Peer 1: 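One structure, pasted below without further comment.
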Amino acid sequence: MPRITPLVHEQATGKAKELLDGVKGKFGFVPNMLATMAQSPAVLRAYLDFSAALATGTLNARVREQIALVVAETNSCDYCASAHSTIGKMVGLSDADVAAARDGAATDPKIGAILTLARDLVTSKGRVSDDQLRAARAAGLTDGEVAEVVANVAINIFTNYINHVADPVIDFPVKVKTRGAA
């Protein structure tokens, strides 16, 4: 049972309704996590704006979803693991890609380095070592890409924590944690 009640889109008013209308227009429905964020329109606006800004970066949607998956797995967030498993398939990830990303792995060495860096950022609370940063750069990551990995990890930690606190009902095909978090 949710610990923070998601707003019912049809009953929302003002800024919350405006934002939820946009969410429904984009996704075709209002995911429970976003309806929960709408309890504070400022929180939902921050998430939507941050997400939109990252979509204009150099990391494509597939890589952003792979980052979301490794962060969800590392933080034991079943809602985000479920949502991003579904969204990942929508942007072209295979079942094997999704499973590998949850484990922090990819067949492409550069994406694998991105996922390793993302997991290292979560487990070290952002204090990656010089060696970890050197390994990311050796795999071809530019400083801009490193910054985008940090930003994508941050937005996913934000959603993981919202879900840990609010405990919304998972409204995607459920993918529960089956692997050990790092």
Side-chain angles (χ1 to χ4, degrees), residues 1-91 101-102 114-115 117-127 144 146-177 181:
M1 179 166 178
R3 299 187 325 165
I4 297 176
T5 304
L7 286 182
V8 176
H9 175 221
E10 296 75 22
Q11 297 171 357
T13 60
K15 190 65 173 171
K17 178 163 181 21
E18 177 185 323
L19 293 168
L20 291 174
D21 286 347
V23 167
K24 186 171 185 180
K26 181 177 181 182
F27 296 109
F29 77 109
V30 176
N32 286 330
M33 181 191 76
L34 300 180
T36 299
M37 287 181 180
Q39 285 288 358
S40 169
V43 170
L44 180 54
R45 167 58 52 211
Y47 169 75
L48 294 172
D49 288 349
F50 196 5
S51 182
L54 291 174
T56 69
T58 60
L59 300 180
N60 67 39
R62 289 171 51 110
V63 172
R64 292 192 313 273
E65 289 305 316
Q66 289 169 295
I67 292 169
L69 286 160
V70 72
V71 173
E73 188 73 19
T74 305
N75 278 328
S76 302
C77 183
D78 291 340
Y79 188 99
C80 286
S82 300
H84 292 289
S85 291
T86 299
I87 297 166
K89 289 180 189 176
M90 292 168 58
V91 299
R102 288 182 74 178
I114 287 170
L115 300 180
L117 178 61
R119 185 175 47 210
D120 290 344
L121 283 161
V122 175
T123 59
S124 70
K125 300 179 182 171
R127 296 185 182 275
V146 168
E148 286 188 37
V149 171
V150 173
N152 277 278
V153 167
I155 195 171
N156 284 287
I157 289 173
F158 171 51
T159 59
N160 293 174
Y161 286 10
I162 286 283
N163 291 318
H164 289 320
V165 171
D167 199 20
V169 172
I170 299 172
D171 45 3
F172 293 89
V174 176
K175 303 290 183 188
V176 296
K177 185 163 178 3

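Please read these numbers as outputs of a predicted model, since none were measured by experiment.
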Peer 1: Checking Lys24 now: which residues fulfil salt bridge (Lys or Arg N to Asp or Glu O under 4.0 Å) with it, not counting sequence neighbours?
Peer 2: none

Peer 1: Working note: Asp167 + Met1, criterion side chain to side chain contact (heavy atoms under 4.5 Å, CB included); need CA distance, chi angles, decisive distance, verdict.
Peer 2: CA-CA 7 Å; Asp167 199 20; Met1 179 166 178; over 6 Å; no

Peer 1: Which donor-acceptor pairs under 3.5 Å do the side chains of residues 146-160 make with protein atoms, sequence neighbours left out?
Peer 2:
{"residue": "Glu148", "atom": "OE1", "partner": "Thr58", "partner atom": "N", "Å": "2.9"}
{"residue": "Glu148", "atom": "OE1", "partner": "Leu59", "partner atom": "N", "Å": "3.1"}
{"residue": "Glu148", "atom": "OE2", "partner": "Thr58", "partner atom": "N", "Å": "2.9"}
{"residue": "Glu148", "atom": "OE2", "partner": "Thr58", "partner atom": "OG1", "Å": "3.1"}
{"residue": "Asn152", "atom": "ND2", "partner": "Glu148", "partner atom": "O", "Å": "2.8"}
{"residue": "Asn156", "atom": "ND2", "partner": "Asn152", "partner atom": "O", "Å": "2.7"}
{"residue": "Thr159", "atom": "OG1", "partner": "Asn156", "partner atom": "O", "Å": "3.0"}
{"residue": "Asn160", "atom": "OD1", "partner": "Asn75", "partner atom": "ND2", "Å": "2.9"}
{"residue": "Asn160", "atom": "ND2", "partner": "Asn156", "partner atom": "O", "Å": "3.0"}

Peer 1: Nearest 0.5 angstrom please: Leu69 CG to Ser82 OG, how far?
Peer 2: 10.0 Å

Peer 1: Can you tell me how far OG1 of Thr36 sits from CG of Asn163, rounded to the nearest 0.5 angstrom?
Peer 2: 7.5 Å

Peer 1: For Tyr161, does the OH atom sit with more than 12 other heavy atoms under 6.0 Å from it, leaving out its own atoms?
Peer 2: no

Peer 1: Start with the C-alpha distance between Ile162 and Tyr47, add both sets of side-chain angles, then the distance that settles side chain to side chain contact (heavy atoms under 4.5 Å, CB included), and finish with yes or no.
Peer 2: CA-CA 11 Å; Ile162 286 283; Tyr47 169 75; over 6 Å; no

Peer 1: Kindly determine whether Ile114 and Gln66 satisfy side chain to side chain contact (heavy atoms under 4.5 Å, CB included), including the steps that lead there.
Peer 2: CA-CA 9 Å; Ile114 287 170; Gln66 289 169 295; over 6 Å; no

Peer 1: Give every residue pair that meets the salt bridge (Lys or Arg N to Asp or Glu O under 4.0 Å) criterion with at least one member in residues 59-72, sequence neighbours excluded.
Peer 2: Arg62-Asp97

Peer 1: Please identify each residue that fulfils salt bridge (Lys or Arg N to Asp or Glu O under 4.0 Å) with Asp21, with sequence neighbours left out.
Peer 2: Lys17

Peer 1: State which residues pass salt bridge (Lys or Arg N to Asp or Glu O under 4.0 Å) with Lys89; sequence neighbours excluded, sorted by chain then number.
Peer 2: Asp95

Peer 1: Quick check against the 3.5 Å criterion: does Gln39 have a side-chain atom that pairs as donor or acceptor with the backbone of Thr5?
Peer 2: yes

Peer 1: Is a donor on one side and an acceptor on the other found under 3.5 Å between the side chain of Tyr79 and the backbone of Pro168?
Peer 2: no

Peer 1: Quick check: does any side chain N or O of Asn32 sit under 3.5 Å from a backbone N or O of Val169, one acting as donor and the other as acceptor?
Peer 2: yes

Peer 1: Might you point out which heavy atoms bring Val70 and Ala101 nearest each other, and give the distance in Å?
Peer 2: CB-O, 3.2 Å

Peer 1: Enumerate the salt bridge (Lys or Arg N to Asp or Glu O under 4.0 Å) contacts for residues 41-60, please, sequence neighbours excluded, ordered by first and then second residue.
Peer 2: Arg45-Asp49

Peer 1: To the nearest 0.5 Å, what is the distance between CZ (Phe172) and NE2 (His84)?
Peer 2: 8.0 Å

Peer 1: Quick check for you: to the nearest 0.5 Å, what is the distance between Glu73 atom CD and Lys175 atom NZ?
Peer 2: 12.5 Å

Peer 1: Grab the two heavy atoms, one from Ala81 and one from Ala72, that are nearest each other, plus how far apart they are.
Peer 2: N-CB, 3.6 Å

Peer 1: Can you see which heavy atom on Ala38 is nearest to which on Ala16, and at what distance?
Peer 2: O-CB, 3.8 Å

Peer 1: Assess the residue pair Leu34 and Leu44 against the criterion (side chain to side chain contact (heavy atoms under 4.5 Å, CB included)); give the C-alpha distance rounded to whole Å, side-chain angles, the decisive distance to 0.1 Å, and a yes or no.
Peer 2: CA-CA 7 Å; Leu34 300 180; Leu44 180 54; 3.9 Å; yes

Peer 1: Do you know which two heavy atoms are closest between Leu20 and Ala12, and how far apart they sit?
Peer 2: CD1-CB, 4.0 Å

Peer 1: About how many Å separate CE of Met33 and SG of Cys77, when rounded to the nearest 0.5 Å?
Peer 2: 8.5 Å

